[in-house]
Each structure stands twice: as structure tokens, then as C-alpha cells.
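Take a look at the structure set out below.
Letters A, B, ... are given to chains in the order of the sequence lines, protein chains preceding strands, and every chain is numbered from 1.
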2 protein chains.
Amino acid sequence: MSMTALAGDERLPLYQRLAEVLRRDVMEGVRRPGDRMPSETALSAEYGLAPGTVRQALSALVDDGLLERFHGRGTFVRRPSFDRSLFRFFRFRDASGEWRIPESRILKRSVEPAPSHIARQLRIKDGEPAISMSRLRLLNEAPVLAEEIWLPKARFGAFLDLSESAIGPLLYPVYDAQCGQLVARAEETLTAEPASRETARLLRIDTGAPVIVIDRLAKGFDDTPLEWRRSKGRADQFHYHTEIR
Amino acid sequence: MSMTALAGDERLPLYQRLAEVLRRDVMEGVRRPGDRMPSETALSAEYGLAPGTVRQALSALVDDGLLERFHGRGTFVRRPSFDRSLFRFFRFRDASGEWRIPESRILKRSVEPAPSHIARQLRIKDGEPAISMSRLRLLNEAPVLAEEIWLPKARFGAFLDLSESAIGPLLYPVYDAQCGQLVARAEETLTAEPASRETARLLRIDTGAPVIVIDRLAKGFDDTPLEWRRSKGRADQFHYHTEIR
DNA sequence: CAGTGGTCTAGACCACGAG
DNA sequence: TCGTGGTCTAGACCACTGT
């Protein structure tokens, strides 16, 4: 077993330098979500560090949400999950009161020159080709969310070839499998506004009734913007809850 | 320096048992916000633990938001601050674009029997006396928030004797100084609804226009509910932003 | 059982803040 | 300069998981 020297700024603490090396491995796809990391013993031998120092580096990445630890099993690259999304505060239950993923009906899918506000978000040139999509999400035939989605065509060209039946309600696994684009995290913005005539028709509510608007910009491990979407749902179905200190 | 035995369940790790002992000190008011904790060296001597173990206990409480560490100065009981409140997402700026605390105008202050939904939140008996207050918050004479506040009279009796001019826009310091009630944390719930006629009049918007509604239940260190409030503001001034993974 | 992470010890030395 | 927390070492032993 040969020893590897730690790269990085020599003024930084060793555990931070190790953390950066491991973070880069994940960001560059050398280690993929679900992969097991080398054990703490292996890493301390590899880099010539005390076990406690290696532990500190791994802890930093766990706090950061990049890794997950399981006692007795190992340390793994975390599979991004969007359990923390604002969408979980919509009261979407079926008749039996259980949480379910709403079905998806694609209303429109086309290639358009990206409007400037979309291009800015996706960090592409104004007017560059983008895939535009409208979806309606339904629970037991009842519409619950109206969505508008934009993707840069350069990365998601393969998405256009898919039949609607091949695209389920969850898009991120499709992005990964069909386009090789892995979503690592996202930024969400929430506001409320009166329903336009069009939105009211889709959601079957009164024009002007309050709707919750959630904008989401999804990004890859390397911070590239991958998808922008705007979703609208009935405000009376939304209750966000949080604890503050 | 006598050594103190660690109380608590002997099956738990030492660092957790130490953390619980220190947490209790804060919850019972033995150590108050702003107080400096004993140094790590002092604690390890006091309880006969290795410095690393003491460190782990303190780290747990720092992660928990109970303590704050300052390199070279010490470890302190954190002063609760409500920087993380949902209210920070209201775009409240004055003419120069600076963030400011809105002034407060008290519209009503009285003692009422607690309605049942308030009593349940404050964990007091249905109909027990409670202080009820309506406030309007303004920025440059413009109304920005309409608030309804409820306090259990048993704890906040002294609050009734204060003149309005003695109450500023920030209530929690008043609760502490005048009533001996320290707010440690709070739960907030956000939704949106159409403005009632009354709310519309107060906020000077159209009836039915969307308003953001934030309910807050403030609690003491010992988890006692202290204050319930409902605040309403214009939805078009509200943009919540968050990152998810 | 072997291998993983979790807890704990008993130090050393460094970096920062205040007087 | 002194006391604080921050980094790091080099182990020991425990608890959990999978085979």
C-alpha cells in the first residue's frame, strides 16, 4: 500500500485538506452515489494520518450532506433525496389519508429559444435552444400542481426521444439514466400570488384565489444548473412548518 | 477541586451524559444566555473525563444551538436570536433600501378568556384568562404586518401594567425584563389565504388579495409555550428562499 | 467471525483573544 | 503572557452488520 500525499493549501488543517480531496472525488464522479468509501483505517494508512483526523474529515462531509455513515456497514456517498423540498408541505393525500406521489400528465413538450429570465437561471445564452414542458400533477384524477419545466437542450437532447409513457412522475431518475445528468441539490423559492385565468382553469379553482408558487433550480455536483421549474398549487393545501432558534 | 460524578443512564455514552447535565443547567436557568461555560480543561478535571470527551459533549450542544464557541475566548450559552424566522423573507426595506425593524402600533390590549384553539397552543385551560393584543407594524408610515398576539395571563400579568410607550417593537426583551419569561425557540407555520375585509383595510390592499399568514408559538427553555401570534403580510412582498439536498 | 464505525483516553502543540 | 478553543497523534476497546 503506497502512501499518497495530500494536495491542497498547506496552511489549511489536514482534515480539511483530506475532506476537499474526497469531495472532489464525488464532484467529479470518481465516486458515485451509493458507493462505499474506503474505511477509516484504510484512509488513515493511505494518507498517513491518525484515525481521529480521518474521522474529522469524514464528519465534515457527513455534516455537509455529501456522505452518510452506517455503524458496522461503512461510509457511503449519499444518494440525493429531495425529502426536504418545500413540496412536502402540500397536503397531498389520497382517500385513505396516505401520502402519494401525484401522477403526471404532460400537456406540452417542445424546443424553444430560452427566454432571458430562464437562460439566466440555466446559465446558458439568451435564445439558446431549450426544452420546454408543461405538466399537470394529479391525485385521484384531481389536479394538484401545475408545472412549467425548462432544460438546456445541449445536455438533455436525449430527453426529446422518449415517449410520454416512458417518463414517469419522477424526472430526476430519467435525467440520470437517459441523459447522464445527475441532480445533486436544488434551490427553491416560495411566494404566493392570485391565480391567473389559465392556472385557475388547470387547478379547478377560482381566478384570483391564492396559489403557492415554488420555483426550483436543480444543480449537478459540479454546480451546473440543470433544470428550472415553476410549480403552482392551491394555497389552502399548503402549510409549511419549521422550528427556529 | 472535588470531582463530580456524572448523573444519568449509565448505558449512555459519557459525552451524552455530560451534555445532558450541561443542558439541564441551561434549561433550569442555572446558566443564562451570555454566561461563559467552564473551560474544557476545567470540565474534564471536574468530571474526570478526557478532554476529547468533554469536547464531544460541548460540540453536541453547539450543534444543537444551545452553546456558541469562540476560539481564544471560551464557550458561551447562546442568546436566542430569531434571525432564522420566516419574517426575514418579507422584503421590508426603507427608502434607502436598508433592512429595518418595523415600528409597532398597538391597536388593542385586553384580557379575554382564551378561545379553545389558543388555549390548546398555550397549553392552558379552555377559557382561562389570557392577554390578547392586536398590533400593526409599519415602515415609513406604510403598514406591512397585521398581528394578533396571545399570552397566558398567569405568566404575563406584569405586561398589562406597562404603558404603550414602554413597549417597543421587540416584545421578547420586554417579556424577559418585565415578566421574567425567556423565549428560547419557536415554531412557525406558513400558509397563504385571501385577505379578509378587515385585513385588507389594515394592510391597505384589495379584499381577497393573497396574504402570507405566519403563526408562531414561542417557547421557553423548559418547553413551556409562552406566546402565540399570527401575523399577516402582503404575499407580493414575500419570497422565501432555501437550498435542499 | 471479521470488518466497520463509535466511544474514550492522555497527552502534544498551535492559533487566537484579551490584558 | 496566559488562558481559551482548534488540531493532531496513537493507540484501546465497544457495538453493530453481514457472512
Side-chain angles (χ1 to χ4, degrees), chain A residues 1 3-23 26 31 34-79, chain B residues 1 3-23 26 31 34-79:
Chain A
M1 173 76 71
M3 204 177 94
T4 310
L6 266 179
D9 189 335
E10 300 199 357
R11 294 167 306 181
L12 290 175
L14 292 172
Y15 80 93
Q16 280 183 28
R17 289 163 63 192
L18 174 56
E20 280 318 302
V21 168
L22 298 177
R23 179 196 303 279
V26 173
R31 301 183 195 280
D35 287 358
R36 202 181 78 191
M37 300 292 291
S39 74
E40 301 183 349
T41 326
L43 285 171
S44 64
E46 170 79 3
Y47 291 97
L49 298 173
T53 305
V54 170
R55 224 183 139 57
Q56 225 179 325
L58 293 176
S59 295
L61 295 174
V62 168
D63 291 349
D64 221 62
L66 206 71
L67 303 181
E68 274 180 306
R69 270 202 277 234
F70 299 96
H71 192 168
R73 282 206 289 138
T75 304
F76 297 79
V77 180
R78 187 165 156 274
R79 293 175 201 278
Chain B
M1 173 77 70
M3 205 178 94
T4 309
L6 265 181
D9 189 334
E10 299 198 358
R11 293 167 305 182
L12 290 175
L14 291 172
Y15 80 92
Q16 279 183 29
R17 289 162 63 191
L18 174 56
E20 279 318 302
V21 167
L22 299 177
R23 181 197 301 279
V26 173
R31 302 185 195 279
D35 287 358
R36 202 181 77 193
M37 299 293 291
S39 74
E40 301 183 350
T41 325
L43 285 171
S44 64
E46 170 79 3
Y47 291 97
L49 298 173
T53 305
V54 169
R55 223 182 141 58
Q56 224 179 327
L58 293 175
S59 296
L61 295 173
V62 168
D63 291 349
D64 220 62
L66 207 71
L67 303 181
E68 274 179 307
R69 270 203 276 233
F70 299 96
H71 193 168
R73 282 206 290 139
T75 303
F76 297 78
V77 180
R78 187 165 155 275
R79 295 175 201 277

What is the distance, rounded to the nearest whole Å, between atom [atom1] of [X] and atom [atom2] of [N]?
X: A:L61; N: C:dG5; atom1: CG; atom2: P; result: 14 Å
X: A:L14; N: C:dA15; atom1: CG; atom2: P; result: 12 Å
X: B:L58; N: D:dT4; atom1: CG; atom2: C1'; result: 12 Å
X: A:L18; N: D:dT9; atom1: CG; atom2: P; result: 11 Å
X: B:L43; N: C:dC8; atom1: CG; atom2: C1'; result: 16 Å
X: B:F76; N: D:dT4; atom1: CZ; atom2: P; result: 11 Å
X: B:E40; N: C:dC16; atom1: CD; atom2: C1'; result: 14 Å
X: A:R55; N: D:dT7; atom1: CZ; atom2: C1'; result: 16 Å

Under 4.0 Å between a side-chain N or O of [X] and OP1 or OP2 of [N]?
X: A:S39; N: C:dG3; result: no
X: A:R73; N: C:dG3; result: no
X: B:T53; N: C:dT9; result: yes
X: B:T75; N: D:dG5; result: yes
X: B:R69; N: D:dG6; result: yes

>> Taking the nucleotide of DNA chain D with the nearest heavy atom to each, does A:F70 or A:P13 sit closer to the 5' end?
In response: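 Mapping each residue to its closest nucleotide by heavy atoms, the 5'-most match is A:P13.
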>> Heavy-atom nearest nucleotide on DNA chain D for B:R36 versus A:V54: which residue maps closer to 5'?
In response: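 Residue closer to the 5' terminus by nearest nucleotide: B:R36.
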>> Side chains of A:R55 and A:S44: any donor to acceptor distance under 3.5 Å?
In response: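 Short answer, no.
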> If we require ring centres under 5.5 Å and near-parallel planes under 30°, does A:H71 stack on C:dG6?
Replying inline: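 Stacking between A:H71 and C:dG6: absent.
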>> Assess whether a salt bridge exists between B:R17 and B:E20, defined as any Lys/Arg side-chain N lying under 4.0 Å from an Asp/Glu carboxylate O.
In response: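 Salt bridge between B:R17 and B:E20, a charged N being under 4.0 Å from a carboxylate O: no.
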> When you check the gap from the basic side-chain N to the acidic O, do B:R73 and B:E68 get nearer than 4.0 Å?
Replying inline: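 Looking at B:R73 and B:E68, the cut-off is not met.
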> How far does CZ of A:R31 sit from CG of A:L22, to the nearest 0.5 angstrom?
Replying inline: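 Answer for the CZ-CG pair, A:R31 versus A:L22, is 6.5 Å.
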> In Å and rounded to the nearest 0.5 Å, what is the CG to OG1 distance from B:L18 to B:T4?
Replying inline: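 Interatomic distance, B:L18 CG to B:T4 OG1, rounded to 0.5 Å: 10.5 Å.
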> Side chain of B:P51: nearest nucleotide among C:dC8, D:dT7, C:dG11?
Replying inline: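 The listed nucleotide nearest to B:P51's side chain is C:dG11.
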